[in-house]
Amino acid sequence: GRLFARRAPQPFGCGVSEISISVDLRWRFGPVRNQGSRPTCLAFAASDTHAALRPGWVPLSCEFAFHHAQRRAGRPPDQGAMLSSMLEALRHDGQPEEAGWPYLARLPADLRTWLPPPTVGATFRRNGHMAAASIAAVLQSLNLGRPVVLLLHLSASFYRVRPDGIVEPAPGEAPETQRRHAVIALAHGSVRGETAVLVRNSWGERWAAGGYAWLTERFLAPRLFAAALLAEEVDVPGRPDAT
């Protein structure tokens, strides 16, 4: 099958013709999802990347991945996940389909009850590894048909995206290191001649242009601090783990 789609320059968002798309992997993904107010952006980015690498589009359980990543790191569920722990969870614990443990809008009052259901169904495991946190490396992976999990330091422009879905920094705007967020890079091209990467967010379809935004190189380069790639599927079927 085709690894990636190369498209001629085309508009994006609100009729804007200044965006030229070189590689676009959006066809691998289903509808944009919404993490709500919980610190689960990395679980969504990893889960949707994992699902996109499987045949068809069936969402995988973010709740399951987040639970096991936090358990492995010894972190509570009201804190964000660590990338290394998330990769370990996907490799060793895997994920069932979303229906196996649907995402919770809110955690239970008694966190001792925050456990996977007794039966979640088959789990799917996948290897993954840290990748170079550079735009050049991201573009290379996208050219090979591989979406990339990106960890960013955000700043004001990310929260005030233009209607055309373009994010570029305001003059003097610096990364805010306390604002960390995970997204998926799944296309690249240029915005008025400047390299840009299209990212899929987990804030629902009302954010940016249907849940996607083009990050210009001037915005992305100083804010990208980590990246990861998912690799081959682990062959041994995972056993559902309710502990």
Side-chain angles (χ1 to χ4, degrees), residues 2-35 41-42 44-45 48-49 52 131-229:
R2 185 174 52 175
L3 284 179
F4 58 86
R6 289 193 180 274
R7 299 185 179 184
Q10 63 183 70
F12 178 88
C14 302
V16 178
S17 59
E18 55 196 352
I19 301 174
S20 174
I21 303 177
S22 300
V23 172
D24 194 340
L25 304 179
R26 275 176 289 180
W27 61 273
R28 287 177 175 255
F29 292 79
V32 170
R33 306 171 76 186
N34 194 338
Q35 70 184 78
C41 58
L42 181 55
F44 274 86
D48 285 2
T49 300
S134 72
I135 291 182
V138 171
L139 300 188
Q140 182 180 34
S141 294
L142 293 174
N143 286 339
L144 294 173
R146 305 177 70 185
V148 189
V149 176
L150 305 182
L151 271 63
L152 310 177
H153 291 134
L154 301 185
S155 57
S157 295
F158 194 84
Y159 299 92
R160 299 195 297 266
V161 187
R162 292 165 30 177
D164 55 17
I166 297 173
V167 179
E168 47 193 354
E173 182 180 327
E176 300 177 31
T177 56
Q178 75 278 14
R179 295 182 182 272
R180 299 187 171 194
H181 190 51
V183 295
I184 306 169
L186 38 55
H188 77 80
S190 63
V191 174
R192 294 183 296 276
E194 179 184 358
T195 297
V197 173
L198 182 70
V199 299
R200 172 186 169 101
N201 202 356
S202 52
W203 292 352
E205 294 184 352
R206 293 187 177 183
W207 179 82
Y212 295 86
W214 287 94
L215 308 185
T216 63
E217 184 171 11
R218 286 180 296 118
F219 182 89
L220 181 57
R223 292 166 176 79
L224 176 60
F225 70 89
L229 290 169

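From a predicted model like this one, the values you see are computed outputs, not experimental measurements. Hydrogens, waters and symmetry mates play no part in the numbers below; they use all other heavy atoms, side chains included.
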Beyond-backbone contact of [X] with [Y], side-chain heavy atoms, under 4.5 angstrom:
X      : Y      : value
His153 : Arg180 : yes
Leu215 : Arg223 : no
Leu152 : Leu220 : yes
Val197 : Leu139 : yes
Leu186 : Tyr212 : yes
Val199 : Val167 : no
His188 : Glu217 : no

Restricting to non-hydrogen atoms, name the atom on [X] and the atom on [Y] that form the minimum distance, rounded to 0.1 Å.
X      : Y      : answer
Ser155 : Ala174 : CB-O, 3.4 Å
Pro147 : Leu142 : CA-CD2, 4.1 Å
Gly165 : Ala209 : CA-CB, 4.1 Å
Ser157 : Pro169 : OG-CA, 3.7 Å
Trp207 : Ala213 : CH2-CB, 3.4 Å
Val161 : Ala208 : CG1-CB, 3.7 Å

Mind checking whether Phe158 and Phe219 have parallel, tilted or perpendicular rings, split at 30° and 60°?
-> parallel

What's the separation between atom [atom1] in [X] and atom [atom2] in [Y], rounded to the nearest 0.5 Å?
X      : Y      : atom1 : atom2 : value
Asp164 : Glu18  : CG    : CD    : 6.0 Å
Gln178 : Leu154 : CD    : CG    : 9.5 Å
Asn201 : Cys41  : CG    : SG    : 8.5 Å
Ile21  : Arg26  : CD1   : CZ    : 5.0 Å

Steps toward side-chain contact (heavy atoms from CB on, under 4.5 Å) verdict (Leu25, Leu198) | CA-CA 10 Å; Leu25 304 179; Leu198 182 70; over 6 Å; no

Do Thr216 and Glu168 have a side chain donor and acceptor closer than 3.5 Å?
->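 Note: Thr216 and Glu168 side chains miss the donor-acceptor criterion.
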
Check the pair Arg200 / Val32 against side-chain contact (heavy atoms from CB on, under 4.5 Å), numbers first and verdict last.
-> CA-CA 7 Å; Arg200 172 186 169 101; Val32 170; 4.0 Å; yes

Does atom CD of Glu194 have more than 12 heavy-atom neighbours from other groups under 6.0 Å away?
-> yes

Can you tell which of Tyr159, Phe225, Trp203 makes a ring pair (Phe, Tyr, Trp, His ring centres under 6.0 Å) with His181?
->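 Option passing the ring pair (Phe, Tyr, Trp, His ring centres under 6.0 Å) with His181: Trp203.
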
Looking at Leu229, Val148, Ile184, which hits side chain to side chain contact (heavy atoms under 4.5 Å, CB included) with Thr49?
-> Ile184

Report the C-alpha distance between Ser202 and Arg33 in whole Å, list the side-chain angles of each, state the deciding distance to 0.1 Å, and finish with yes or no for side-chain contact (heavy atoms from CB on, under 4.5 Å).
-> CA-CA 5 Å; Ser202 52; Arg33 306 171 76 186; 5.6 Å; no

NZ/NE/NH1/NH2 to OD/OE distance under 4.0 Å, Glu173 and Arg160 =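 Looking at Arg160 together with Glu173, the answer is no, because their closest N to O distance does not fall below 4.0 Å.
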
